[in-house]
Amino acid sequence: MTRHARNCTAGAVYTYHEKKKDNKAGGYGTIQNRIGKDSVKDFDCCCLTLQPCRNPVVTPDGYLYDKEAVLEYIIHQKTVIAKRMKEYEKQQKKETEEMAELARAEEESRAKKFMEMENSIMTKSSASTSSDTASTSSLSNISNGREKILPSFWIAALTPAAEKVTIKKPEKSVLCPMSGKPLKVKDFIPVIFTEVKDPSEKKALIARKVRYMCAVTHDVLGNSVPSAVLRTSGNVVTMECVEKLIKKDMIDPTNGEKLTDADIIPLQRGGTGYASTNVKLDAKLKKPVMMA
């Protein structure tokens, strides 16, 4: 080992490794961490409550909801939208009144200018007699309409106001919290999970690690198993079953009805802790940055 290597901590350069270590110890900068399996919802849990669904329904985009929770969410969002719409209409009415007031004030200023022009056409004698009164009136800071220009902090009408906050027109339709698309009750599809029947299992359904299986192949379902919902029956099957069995004749094996590509809805599942799943597993927390 060279002498320089022994004294590397005495360098004048603040290295990236040292800065990163100090940021982590002091709580500065953006902290990035990988989410584990325990922080990701299961495939059969509601996207709102993050709990196993008692009455599951799925959207055309494949997001699973508990029917009671999603109906409560829709009712709440409609109330919020109605409240925002009232605020928006109130703002529009106020803007209309302000525009009318500005037009009225402009009309008054035109009339005032016309009267001043008419009064300026006078004889020299009348102008000389009125010069004294004009000089005294010009000393006041509220004459000639200047009371509307000069702000005042002790008169409520003349107190300077902050800038207006413009309210945008709210969306009339309720949006899905996951996909951002309109959420409609008529588009919900009831989902039927096939329960795994194990006589030796004495735990409740919610407490089990293995709860459901494919309705056709009886393969165990989980976050690591891609699955789909059949619109015609509502049964959940694995994507392997869809590719190898169902797409050959496009018939629902549970009830014999014909299927189309739109009737096969891939179920959006959670993560497993591995990068190969369909979700983002990186979490970032932004904090104040420590400059070098």
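Quick note: residue numbers are just sequence positions, from 1.
Remark: N235 pairs with S233, T254 by the side-chain hydrogen bond (donor to acceptor under 3.5 Å, both in side chains) rule, at least two apart or across chains. When the side-chain hydrogen bond (donor to acceptor under 3.5 Å, both in side chains) test is applied to S173, no partner is found at least two apart in sequence or on another chain. Take K78 and apply the salt bridge (Lys or Arg N to Asp or Glu O under 4.0 Å) test, not counting sequence neighbours, and it matches no residue.
Residue E240 qualifies as open at atom CD: its count of foreign heavy atoms under 6.0 Å is 12 or below. Annotation for E72: atom CD does not count as buried by contact number, only 12 or fewer foreign heavy atoms lying within 6.0 Å.
Not one N or O on the side chain of Q77 forms a donor-acceptor pair closer than 3.5 Å with the backbone of V174. Checking side-chain atoms of Q51 against main-chain N and O of C45 turns up no donor-acceptor pair under 3.5 Å. Of the possible donor and acceptor atoms, one in the side chain of N119 sits under 3.5 Å from a partner among the backbone N and O of M115. A donor-acceptor contact shorter than 3.5 Å links the side chain of N223 to the backbone of F43. Of the possible polar contacts, one joining the N255 side chain to the E257 backbone as a donor-acceptor pair under 3.5 Å is found.
Note on E106 versus R110: salt bridge recorded, some NZ/NE/NH1/NH2 to OD/OE distance being below 4.0 Å. For the pair K247 and D261, the salt-bridge criterion is not met [side-chain N within less than 4.0 Å of a carboxylate O].
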Would D61 and T59 count as a side chain to side chain donor-acceptor pair (under 3.5 Å) here? Give the steps. CA-CA 5 Å; D61 297 318; T59 63; 4.9 Å; no
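A side-chain donor from one of T232 and D252 sits under 3.5 Å from a side-chain acceptor of the other.
We find the NZ-CD distance between K112 and E108 to be 9.5 Å, quoted to the nearest 0.5 Å.
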